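It should be emphasised that the depicted structure is a prediction, and the values quoted were computed from it without experimental measurement. By convention here, the first residue in the shown sequence is residue 1.
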Amino acid sequence: MNSIRPILEALEGAHGHFNAALFGGRLRTSPVITVQTKGRKNALGWYWAQRWVNGTSKPAELNVSAEDLKRPAEAVLETLVHEMVHQDADERGVKDTSRNGAYHNKRFRELAAAAGLCVPAKPDKRHGFAFTTLGPEGSPARIAVDSLRSKVEPVLVLARAIIPPKGGKNKMLLFTCGCGFKIRCGRRELAAQCLACGERFELREGGGA
């Protein structure tokens, strides 16, 4: 299969199923579900309010990162539920993140727990309560996901290849002291002295590790 159409259809169907099973059918709109590259973002997915235009309406975008479709089906579906929590917050007018969407606050934790996800007891310093899981066997989110796994798993056969960055010369200049300790600096003019041997750091022409 060389088309993501079956994946999109599966995710759209899963969105409707989870809305009924985990959100009590209260999500009022159907976002534009996409599969896009995450690029330089370290994100399994995202929810972006009013990202699309359809006449006078501006539907949101709910994305699952293309590179991460290689994960097990239940992990992909957990990401979908996680992003649906952000949709729930958006439709309720609740501010559930800060720091440009990176930090997931206590309001997110409350909504995620209400949707059946397992949320960390303590927040991560950088991401807050972002690291949700399906929880143990018998949890609401896991039951809802397990009921769809057999339908979604067969279509998750494509994932965007991760292309490593092109190699190139290190622009940082290499300096060494008398005892061989190495440091790198972006400027050729470095006034630094090694505290171990007492000698100045000198530029090593030609680079090298």
Side-chain angles (χ1 to χ4, degrees), residues 1-71 73-105 107-112 114-117 127-132 134 141 144-145 147-149 151-163:
M1 182 186 73
N2 290 326
S3 172
I4 65 170
R5 184 177 302 169
I7 299 175
L8 293 175
E9 291 175 350
L11 293 176
E12 290 168 352
H15 183 278
H17 174 76
F18 293 146
N19 185 23
L22 300 175
F23 295 87
R26 66 176 171 269
L27 300 183
R28 300 186 301 271
T29 61
S30 296
V32 177
I33 294 181
T34 62
V35 172
Q36 302 177 60
T37 179
K38 62 183 177 181
R40 295 183 179 181
K41 301 176 184 176
N42 186 22
L44 299 174
W46 61 76
Y47 173 84
W48 197 336
Q50 298 186 341
R51 181 59 176 164
W52 292 73
V53 178
N54 182 14
T56 58
S57 67
K58 294 182 178 180
E61 174 179 283
L62 195 161
N63 182 71
V64 175
S65 296
E67 294 85 352
D68 293 303
L69 291 174
K70 64 181 181 296
R71 297 178 298 148
E74 60 266 26
V76 175
L77 292 173
E78 191 278 331
T79 295
L80 178 63
V81 176
H82 179 110
E83 301 309 328
M84 290 176 68
V85 174
H86 290 304
Q87 179 185 355
D88 191 20
D90 177 43
E91 293 189 1
R92 289 169 177 252
V94 172
K95 182 175 175 57
D96 64 337
T97 64
S98 57
R99 302 178 193 172
N100 199 28
Y103 190 89
H104 292 50
N105 60 31
R107 299 303 302 277
F108 173 84
R109 179 184 64 179
E110 294 170 358
L111 293 175
L117 291 174
H127 299 285
F129 299 98
F131 303 116
T132 57
L134 293 177
V145 164
S147 67
L148 289 182
R149 182 166 50 182
K151 296 180 180 179
V152 174
E153 209 160 33
V155 304
L156 292 181
V157 296
L158 279 177
R160 197 171 195 272
I162 298 176
I163 301 175

Engineer: Please list every donor-acceptor pair under 3.5 Å in which a side-chain atom of residues 54-62 meets a protein atom from a residue at least two apart or in another chain.
Structural biologist:
unit_1: S57; atom_1: OG; unit_2: N54; atom_2: O; d: 2.9
unit_1: E61; atom_1: OE1; unit_2: Q36; atom_2: NE2; d: 3.2
unit_1: E61; atom_1: OE1; unit_2: W52; atom_2: NE1; d: 2.9
unit_1: E61; atom_1: OE2; unit_2: Q36; atom_2: NE2; d: 3.2
unit_1: E61; atom_1: OE2; unit_2: W46; atom_2: NE1; d: 2.8

Engineer: Just how far is it from atom OG1 of T132 to atom CD of E78, taken to the nearest 0.5 Å?
Structural biologist: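 That separation rounds to 3.5 Å.
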Engineer: Do K95 and R107 come within less than 4.5 Å of each other through their side chains, counting heavy atoms only?
Structural biologist: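 Contact flag for K95/R107 side chains = no.
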Engineer: Does atom CZ of R71 have more than 12 heavy-atom neighbours, drawn from other residues, nucleotides or ligands, at distances under 6.0 Å?
Structural biologist: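 Buried by this count: over 12 neighbours within 6.0 Å.
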Engineer: Got L148 and L77 here, is their nearest side-chain heavy-atom distance under 4.5 Å?
Structural biologist: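 Yes - at least one pair of side-chain heavy atoms lies under 4.5 Å apart.
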Engineer: Using side-chain heavy atoms (C-beta onward) and a distance below 4.5 Å, is L134 in contact with L117?
Structural biologist: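 Side chain of L134 against side chain of L117, heavy atoms only: contact under 4.5 Å found.
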Engineer: On a heavy-atom basis, which atom in L156 and which in A73 lie closest, and how many Å separate them?
Structural biologist: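 The pair with the smallest heavy-atom distance is CD1-CA, 3.7 Å.
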Engineer: To the nearest 0.5 Å, what is the distance between NE2 (H104) and CZ (R109)?
Structural biologist: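 Answer for the NE2-CZ pair, H104 versus R109, is 13.5 Å.
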Engineer: Would you compute the distance between atom CG of L11 and atom OG1 of T79 and round it to the nearest 0.5 angstrom?
Structural biologist: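 Reported to 0.5 Å precision, the distance equals 10.0 Å.
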Engineer: So which pairs with a foot in residues 17-35 pass salt bridge (charged side-chain N to carboxylate O under 4.0 Å, His left out), sequence neighbours left out?
Structural biologist: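 For residues 17-35: R26-D88.
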Engineer: Do L158 and L69 touch side chain to side chain, with heavy atoms closer than 4.5 Å?
Structural biologist: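 No. Closest side-chain heavy atoms not under 4.5 Å.
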Engineer: Looking only at heavy atoms, what is the nearest atom pair of G116 and A141, with distance?
Structural biologist: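 Looks like O-CB, 3.2 Å.
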Engineer: Testing the 3.5 Å rule here: is there a donor-acceptor pair between the side chains of T34 and R51?
Structural biologist: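 R51 and T34 do not have a side-chain donor-acceptor pair below 3.5 Å.
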Engineer: Give a yes-or-no answer on whether the side chains of S147 and H17 include a donor-acceptor pair shorter than 3.5 Å.
Structural biologist: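 Yes - a donor-acceptor pair under 3.5 Å links their side chains.
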Engineer: First locate atom CD of E9, then atom NZ of K151, and finally report the distance between them rounded to the nearest 0.5 Å.
Structural biologist: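 Interatomic distance, E9 CD to K151 NZ, rounded to 0.5 Å: 13.5 Å.
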Engineer: Can you name the one residue among R160, K38, K41 that meets salt bridge (Lys or Arg N to Asp or Glu O under 4.0 Å) with D68?
Structural biologist: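 Exactly one pass, corresponding to K38.
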Engineer: Give the minimum heavy-atom separation between P31 and T29, together with the two atoms involved.
Structural biologist: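 Of all heavy-atom pairs spanning P31 and T29, the closest is CD-O, 3.6 Å.
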Engineer: Are F108 and V94 side-chain neighbours, meaning at least one heavy-atom pair lies under 4.5 Å?
Structural biologist: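 Heavy-atom side-chain distance check fails, nothing below 4.5 Å.
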Engineer: For the residue pair N105 and F129, what are the closest heavy atoms and their distance?
Structural biologist: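 Of all heavy-atom pairs spanning N105 and F129, the closest is O-CD1, 3.7 Å.
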Engineer: Could you tell me whether the side chains of E83 and Q87 share a donor-acceptor contact shorter than 3.5 Å?
Structural biologist: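 There is no such pair between these side chains.
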Engineer: With rounding to the nearest 0.5 angstrom, report the CD1 to CG distance, I33 to N63.
Structural biologist: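 I33 atom CD1 to N63 atom CG measures 10.0 Å (nearest 0.5 Å).
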Engineer: Are any of the side-chain heavy atoms of Y47 and H82 separated by less than 4.5 Å?
Structural biologist: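 With C-beta onward as the side chain, the pair stays apart.
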Engineer: What is the minimum heavy-atom distance between A89 and L111, and which atoms define it?
Structural biologist: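 Heavy atoms of A89 and L111 come nearest at CB-CD1, 3.6 Å.
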